[in-house]
Amino acid sequence: MNLCIIGSGYVGLVSGACFAEVGHNVICVDNDQRKVDALQAGKIPIYEPGLEEIVHRNVAAKRLHFTNSIETGVDGSEVIFIAVPTPPQPDGSVDLSYIEKVAREIAGVLKKNQYRVIVDKSTVPVKTGEKVTETIKRYNRHGADFDVVSNPEFLREGCAVADLMAPDRIVIGGNSDRALALMKKVYEPFNAPILVTDINSAELIKHAANSFLALKISYINAVSAICEASGADVEKVADGIGMDRRIGRNFLNAGLGYGGSCFPKDIAAFIAISDELGVPFTLLKEVQRINRDQKERFLKSMRDALWVLRDKKIAVWGLTFKPDTDDVRCSVAIDIVNDLVKEGSSVTAYDPKGMEKAREFKLISDSVKLVNSPLEAIDGAEALIIATEWKEFANVDLDEVKSRMATPLIFDGRNLFDPATMHEFGFIYKGIGRRQTTKAEPALA
Ligand code: UDX
């Protein structure tokens, strides 16, 4: 099929590449000419495992194209996906102006004898599809035939290609049989379960799913505080409750809290839309509060151990909001670096992929020293913070780490290591909600 994707960010670019990979002809549209030029030259603006190979392969096979012209994209494609940003506004509600603009632009180039399916893939509040339909109707001066469909995307950064190629489910919200039949054809090669709903339900599924996952994280983080106060071990507790198939072990990893470009924004948006609909979702405010507290508790434990943070030489491993991505947006790791700088610490940081973007977007102070390896970061450090659980950190030589640090104090914000092992190596080690144990303790054998 001929498909057009408007917006070449994480969702748009990865979706476009994967649609091409399964055999569709895809044209990706972006209004940033520099991005289009870079993509045409084979340069991928984001780091995502496996993405570069698929883009190169499908460009070479002439199934994947890039342009800045919505008209070219819409003219040649029966299905048009909108994958533009939906950023948060200061009050938590979503700025839908990019969606509205694209809807107007699509409407302006629709032709009388061409039927088009316009699919919203961006994460939007419930009832946005209705607005998109109204807008296109209003600006569609030639009276072209079209339908609007909602098709939320559930990919995770860091494994976006894998998620897109083998999704748990595909949600398609629409009320036209013709549009739904075309959408099923688009997704046929993926062999994944398809759930067909009305547009409002499809939009709601996305916010409800992300909020539920964030709730799971805040739940285990609240439990981690109780573990610390009572001497229990959150990893064991998570294993124990996660073995119940009704609960599941996924998304029960205690840590510094959730971050990234989706969860913080989507939860705020879900709160805002539920307020607007007159049914405030107060539970989600508690999810946000626990997430904020988690970082504060971590900083407090550092103050408790180091007494004073001013002038302390602190190493930070990890800047991205999760491993296997270069995305540093809304990263708790970055917040912690900035908090430490504010308190007068001297911070040296290392991240395998995120340092360039942290500097480029001026997310961290110039005083933060960025270095080229985890070991370089800890030379002479009085404490090490593990803020992102990159595999590279789990494989370091712990003896070398200890000998390079001025004082062997580790605050592990992602529970990357086993406390008993760390104590054996001679570290003062503090994880999140972890029991301070020795190897001999049978419960941890
Ligand atoms: C999320 C959703 O998972 C995805 O379906 C949606 O399309 C976009 O939002 P993403 O933001 O890429 O994806 O990352 P995810 O793996 O969900 O992690 C989000 C945050 O939660 C990260 O900061 C991560 O460190 C944190 N997290 C995740 C935990 O703290 N504990 C966990 O157990 C899982």
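In what follows, every heavy atom counts, from backbone to side chain, and hydrogens, waters and symmetry copies are set aside. Residues take their numbers from the sequence shown, with the count starting at 1. First listed ligand is number 1; within each ligand, the first listed atom is number 1.
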When distances are taken from atom 12 (O) of ligand 1, the protein heavy atom at minimum range is E157 N, 2.6 Å
Any heavy atom of G260 sitting closer than 4.0 Å to ligand 1?
-> no
Could you check which of F154, Y10, Y258, F251 puts a non-hydrogen atom nearest to atom 21 (O) of ligand 1?
-> Y258
Rounded distance (nearest 0.5 Å) linking atom CG of D412 with atom CG of L256 = 8.5 Å
What's the shortest distance from atom 24 (C) of ligand 1 to any protein heavy atom, and which residue and atom give it?
-> F321 O, 4.1 Å
Measuring from the heavy atoms of K206, does anything fall under 4.0 Å of ligand 1?
-> yes
G255 heavy atom under 4.0 Å from ligand 1 | no
If you scan protein heavy atoms around atom 16 (O) of ligand 1, the nearest is K322 NZ, 2.8 Å
Examine the side chains of D198 and S201 and answer whether a donor and an acceptor come within less than 3.5 Å of each other.
-> yes
Output yes when E21 and R63 qualify as a salt bridge under the 4.0 Å nitrogen-oxygen rule, no when they do not.
-> no
Are the aromatic ring centres of Y350 and W317 under 6.0 angstrom apart?
-> no
Of all the non-hydrogen atoms in the protein, which one sits nearest to atom 1 (C) of ligand 1, and at what distance?
-> F263 CE2, 3.4 Å
Where's the contact between L252 and ligand 1, heavy-atom distance under 4.0 Å: side chain, backbone, both or neither?
-> backbone
Looking only at protein heavy atoms, identify the closest one to atom 7 (O) of ligand 1 and say how far it is in Å.
-> L155 O, 2.8 Å
With a cut-off of under 6.0 Å to the ring centre and 45° to the axis, is R169 in cation-pi contact with F154?
-> yes
Who are the ring pair (Phe, Tyr, Trp, His ring centres under 6.0 Å) partners of F66, not counting sequence neighbours?
-> none
Looking only at heavy atoms of R414, does any of them come nearer than 4.0 Å to an atom of ligand 1?
-> yes
Can you tell me the protein heavy atom closest to atom 28 (C) of ligand 1 and the distance?
-> I217 CD1, 3.5 Å
Please say whether the positively charged group of K353, taken as NZ for Lys or CZ for Arg, lies over the ring of Y47, i.e. under 6.0 angstrom from the six-membered ring centre and within 45 degrees of the axis.
-> yes
Looking only at distances, please establish whether an N/O atom of ligand 1 is found under 3.5 Å from an N/O atom of C262.
-> no
Side-chain donor-acceptor pair present, T86, K265, cut-off under 3.5 Å = yes
Find all atoms of ligand 1 within a distance of less than 4.0 Å from any non-hydrogen atom belonging to E153, and give their numbers and elements.
-> 7 (O)
What's the shortest distance from atom 3 (O) of ligand 1 to any protein heavy atom, and which residue and atom give it?
-> R156 CG, 3.3 Å
For atom 33 (O) of ligand 1, grab the closest protein heavy atom and report residue, atom and distance to one decimal in Å.
-> N253 N, 2.9 Å
Output all residues satisfying ring pair (Phe, Tyr, Trp, His ring centres under 6.0 Å) with F212, sequence neighbours left out; order by chain, then residue number.
-> none
Of all heavy-atom pairs between C227 and G433, which one has the smallest distance, and what is that distance?
-> CB-O, 3.6 Å
